[in-house]
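The structure appears right after this line, and notes come after that.
Every chain is numbered from 1 and lettered A, B, ... according to where its sequence line falls, protein lines coming before strand lines.
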Amino acid sequence: MAVTTQLKTSKDLQELRLRLVKQREAKRIGISVCSGTGCRAHGSMELVEEFHRQLDAKGLTDVEVRATGCHGFCERGPLVVIFPQKIFYHGVKIKDVDNVIEKTIRKDELVESLLFKDPVSKAKFRLEHEVPFYAKQQRIVFRNNGKIDPAEIDDYIAADGYAALAKALSKLSPEEVIQQVQQSGLRGRGGGGFPTGKKWEICRSQDTEEKYIICNGDEGDPGAFMDRSIMEGDPHSVLEGMTIGAYAIGAAQGYIYVRGEYPLAVTNLSIAIEQSKSLGLLGDNILGSDFSFDVEIVRGAGAFVCGEETGLIASIQGDIGSPRQRPPYPAQSGLWGKPTNINNVETWANVPVIIDRGSDWFAAIGTERSKGTKVFSLVGKVQNTGLVEVPMGTTMREIVYEIGGGTQKKRKFKAVQTGGPSGGCIPESLLDLPVDFDKLQEAGAMMGSGGLIVMDERTCMVDVAKYFLAFLVDESCGKCTACREGVAQMHNILVRICQGDGRDGDVELLEKLGAYVKETSLCQLGGTAPNPVLSTIRYFRDEYETHIHGKKCRAGVCKALVSFAIDAEACNGCGLCKRNCPSEAVTGEKKQPHSIIAESCVQCGVCYEDCPFNAVIVE
Amino acid sequence: MLKLTIDGQQVEVEQGKTILDAAKLAGKEIPTLCHHPAVPPAGACRICVVEIVAGDRPGLVPACAYPAKDEMEIQTRSERVLESRRMTLQLLLARSPGSDVIRQMAKEHGIKELPFPEQTGENGDDCIMCGLCVRLCQQIIGASAICFDGRGPDRKVSTPYKSQSDVCLGCGACAFVCPTGAIDPADYCPNPIEKIPNEFNCGLDSRTPIHIPFPQAVPNKPFIDRENCIRFRTGGCGACETICPAGAIDYDMTDEFVEEEVGAIIVATGYEIMDPSIYEEYGYGRYPDVVTSLEFERMVSASGPTNGELTRPSNGKPPMSIAFLQCIGSRRETGGKPYCSKICCMYTAKHTILYKHKVHDGQAFVFFMDIRAGGKNYDQFVRRVVKEKQATYLRGRVSKVFPRGDKLVVRGADTLSGTQVEIAAEMVVLVAAMVPSSGVRELSQKLRVGYDEHGFLLEAHPKLRPVDTNTAGVFLAGACHSPKDIPESVAQAGAAASKALGLVCHTRLSREPTIGVVDESSCNGCFECEGVCAYGAIGPREIKDKKGNVLATVAFINEGLCQGCGACAATCRSKSIEVQGYRDDQLFAAINAIHR
């Protein structure tokens, strides 16, 4: 950080910003290397070191290297973006660093091998916003990811960070702040979709001195990592949002509850808190005003149920992580029995931009009842895995095909699962549904926190239901009978079905239990647990019937119900399956049609996956 | 006040109350499992769900934990509620097939079969995870000895790290509040679980620290046994104060010592049953099925330890044969009491009738020496018992009681047939001697009332003054005087009461004039006389001058208490006391008259 003295007024902040911007202008080129968890696992931090080393060695002092937050195109990491042009390189390795410096940095030439190439058209794309993955995205929540170093508050301030806070403290009353948020139409991004401004108003109206702000960073859905990338990549956006919220509601203490499995998020948030405090942007007398607000990080310990607001509150209090009956709601009686406002990470990250650019600007994005953008984690059997931020109202088809690049290996699309273990599946027939809180609800699906799992013909929907139920059985807190016993019994039935012991009436029993668990559970873990089952029954009932009556799994997943065979006419005897089979279950002469010995086959599916001629079939 | 409509009926409750509170006021029954009035609600078991039809977000909510709201409309037995409740019970039954409570509840809701398999054998868990024990121990008792271990279907109630608890108080409250009896504190409490023996039930069952000693107690109000009460031991609990609707519990109350000046005292300290363990041949204290008559009386009482069901202490089953051994400890010249306890023949006959009421097919035997049935209709009563075969009466004493198999053999004599008999009885009742209440000797000494070698208080005259004592103003009634039953005790009590009234209803008392009188001019205040007065009639009297200064303290004889025995006169060294009518000069005059 350039400055360590406290900023006493908005003017101080403004002046600091101008100085920092000027400083950065001195650098001719910026190299942004993605340092999100995914790219780190691919060695991006070593890339950063290598860039530094080589630039020093080559004496290039007007080039800045920055380790930035998650860029989103996780499938293609490590990602490097060269500024100011925004040249996009993917899959960058240590051996490429020299090339990048010599060609692109020195001579403004492209390293062709690192450019994104469309798998179908084979066209190459030069700039980040041209790449199909990014072309249709509107990055508001991720405005700073890829541009700033999350461990450098100066970067954030130079990027207009904390301008919203300064505006709120100096120009707006708490009620006016709430009004702005209400008018923006912002709804909770954690899955509930409750109007954020309304929640703030209820909390503000409680007549007590002591109030709390909580940021829910538990992100328990399997396959969801949006909040992780926000906390890792732009922690100040969360802090600023929370501080503005605290000012609006009248709270003096905030907590960020980060799930225990996100150490980098905890690290970056801690650094951000410290740096904020030293600049007087957090803590006592923020920006010289009489408003004080402090933030503490609390780590989770591996419980999905602690993402439920009352379970989370219990966890912060040191009690066992079980939700409690509501009402009263946390806005009236929450942490330590005091009015508490809890919002999701992504919700908080939207707040500064609403205050800065105005509620009208925000409300112009999205649909009539779902404003702004939503970050999705697009994963599964899709070409372009990663984090996608689109305006509400974008269709599923656009996300899966135009941004996601469609299914892998030319397999047939089957469904996309939204909302994780609380959500439902959207089949091909509904792909033109716009992404919107209410439209998805009507279709029996749920936006949830933003997880999108793409499934193809090799996904068994009964197995998917079983997978989610197994997850929920493990994560249920066990307090109420409906969830603890009901979900377990539903899971038992699915296990039986997938083992070949499905019975007449099983589907009806699942529907009955599902309806019971939905309406009798104490919290929404149980309340939404039956969704994957009910949704897959609704759209893929035939798969259940086939499993139960036909005793077959056509997707080739449920091993007890699968037998693979080789289509003699399609097989050309290349022998790949024979070589790869782990249990020597394939026989055949070279260039002759091969066959599978049923007794030896363990249904691993390797032959099915690997056959270049699609000659292996599920019987 | 909030107005709710429950099943079409209007009811008003205070702000802060739950739907369950409102339903109770409206007289609507809602089943619960995880709810207890003294413990904060959790809404965990979901049995108590009701349907909100209007006035709040519609849906099923737990009545015990959902706050009542103005204008709410609730249905407690809609189809939706009943469907949900049935499914909850089916799930609980699958989890806890061995629990009687769940089985009963399921039966009441018409559940006959389960759509999913039961947890069998050892896997079946009577614990339904209601959490009452944990909430109670943490929030009410304040010991936090137990907690939840794990989550989901594998969640269990346990101690931290499943270790033996070093903070468990052994109060047993968790077991008390458990709806299915699934928790056993002995599993994790290294201290023996303290059960407080219920004194009124002869220790046959236990009681809580706060209790009404027996149903007929006067005043009929509970009191707190401080030695055992958790609140006084650790500062925790306080459940009684929380739950008392009258707000009548005050932990700061202390015992008061009350001083009253009275003119008459009636002693009615009653009796106890002798402890027959000294007669080792009968096995009391060794064999669980050998009990005393008082214990038997409590066992057959509807307010007793088994609510009136007669069961054998050894196995909890009704005794199909029972032997009553009369005169245990009574009428013995050596090794017991020489007197007849008077009431036992009659109450033993009563016991045989009660026994037959409880165990229709049982057989009763009574070993007796003589039958004492002298009161009004008493003899007819005993005859009826013998004649209607309620019991077989055997005249003879019992030499030994010993076990054989799971029964007890009573070996005694039948003098009428001249044989030794052995009865195999499933229960033996020792009809033990009546003795005065313990502590009566110390009380008597304070009251200066005499007692005999057995502790029975002495009447002034056995025929003519049966309720007076030799100490004026102290009267007797009931078994403290001698063994007697209820009609006689009541009669004696009435007599004692009239005598006491007779003392206090007059403004003047008349008495015999032969009382001691102190010559205050010669009394030097040594108070040797006070020490020898058996009736406590002598006390100090201060002589003061006009200004109130004490000039001298002399002996003073209370005219009402003095019995004229003359012990003080004989003891006084300064010859300052003389008994009226027996003054020295009067005695000399009498002596002189003889010599004339």
Side-chain angles (χ1 to χ4, degrees), chain A residues 301-306 310-311 314 319-329 332-333 469-493 496 503 505-506 508-510 512-523 525-527 529, chain B residues 16 18 33-34 40-47 49 51 56-69 80-81 83-96 102 114-117 119 127-131 134-135 138-139 147-157:
Chain A
F304 174 74
V305 73
C306 286
T310 55
D319 297 326
I320 202 164
S322 270
R324 62 160 175 80
Q325 185 67 41
R326 301 170 295 168
Y329 291 89
Q332 296 154 316
S333 170
L469 281 182
F471 175 79
L472 289 162
V473 167
D474 195 34
E475 296 291 339
S476 164
C477 80
K479 181 169 174 177
C480 76
T481 308
C483 171
R484 183 187 72 239
E485 305 295 331
V487 175
Q489 292 290 1
M490 288 175 78
H491 179 246
N492 288 345
I493 296 171
R496 248 198 313 103
R503 297 172 204 153
D506 272 348
E508 288 73 20
L509 182 55
L510 281 171
K512 190 167 176 204
L513 270 170
Y516 160 79
V517 172
K518 262 182 100 90
E519 67 175 4
T520 310
S521 290
L522 186 146
C523 79
L525 187 155
Chain B
T18 61
L33 276 172
C34 75
C45 70
R46 313 313 277 180
I47 286 285
V49 290
E51 187 174 358
D56 205 341
R57 197 191 296 180
L60 295 180
V61 297
C64 69
Y66 204 90
K69 201 168 160 191
R80 206 169 154 192
V81 168
E83 281 285 311
S84 169
R85 196 167 290 158
R86 268 185 224 121
M87 182 60 87
T88 301
L89 280 168
Q90 285 178 318
L91 286 168
L92 286 176
L93 196 51
R95 180 199 167 95
S96 315
I102 304 293
L114 297 181
F116 20 73
Q119 300 269 47
C127 172
I128 56 168
M129 276 293 139
C130 70
V134 173
R135 294 203 304 286
Q138 284 180 357
Q139 295 175 36
C147 56
F148 288 120
D149 179 18
R151 64 176 184 230
D154 295 334
R155 191 179 243 196
K156 296 250 179 287
V157 172

- Item | Value rounded to 0.5 Å, distance of OG1 in A:T481 from CG in B:L33 | 8.0 Å
- Item | Part of A:S521 within contact of chain B (heavy atom distance under 4.5 Å) | backbone
- Contact leader toward chain A among B:G150, B:S84, B:G43, where contacts are heavy-atom pairs under 4.5 Å: B:S84
- Message: For A:I320 versus A:A314, what's the shortest heavy-atom pair and its separation?
- Response: O-CB, 3.5 Å
- Task: Check side-chain contact (heavy atoms from CB on, under 4.5 Å) between A:D474 and all other residues, then give those that pass, not counting sequence neighbours.
- Result: B:R151
- Region of A:R484 that comes under 4.5 Å of a non-hydrogen atom in chain B: both
- Task: Name the option with the most non-hydrogen atom pairs under 4.5 Å to chain A; the candidates are B:A65, B:C45, B:P117.
- Result: B:C45
- Task: Go through A:G321, A:P327, A:C480, A:A482 and name the one with the most non-hydrogen pairs under 4.5 angstrom from chain B.
- Result: A:P327
- Note on the structure: When the 4.5 angstrom heavy-atom criterion is applied to A:L522 and chain B, the contacting part is both
- Find the distance between CE (B:M87) and CG (B:L114) and round it off to the nearest 0.5 Å. 10.0 Å
- Item | Most chain A-contacting option - heavy-atom pairs closer than 4.5 Å, from B:G131, B:G59, B:P115, B:P62 | B:P62
- Query: Of the backbone (N, CA, C, O) and the side chain (C-beta and beyond), which part of A:Q489 lies under 4.5 Å from a heavy atom of chain B, both, or neither?
  - Reply: side chain
- Item | Lys/Arg-Asp/Glu bridge criterion (N-O < 4.0 Å) met for B:E83, B:R80 | no
- Between A:S322 and B:R155, is any pair of side-chain heavy atoms under 4.5 Å apart? yes
- Toward chain B, the part of A:A303 with a non-hydrogen atom under 4.5 Å: both
- Item | Best-contacting candidate, B:D56, B:T88, B:V49, against chain A by heavy atom pairs under 4.5 angstrom | B:T88
- Note on the structure: For B:I47 and B:R85, the nearest pair of non-hydrogen atoms, with its separation, is O-NE, 2.8 Å
- Can you name the nearest heavy-atom pair linking A:V517 to A:G526, along with the distance? CG1-O, 3.3 Å
- Note on the structure: Comparing A:K512, A:R326, A:E485 against chain B, the one with the most heavy-atom pairs below 4.5 Å turns out to be A:E485
- Which bit of B:I128 is near chain A, if near means a heavy-atom gap under 4.5 Å: side chain, backbone, both or neither? backbone
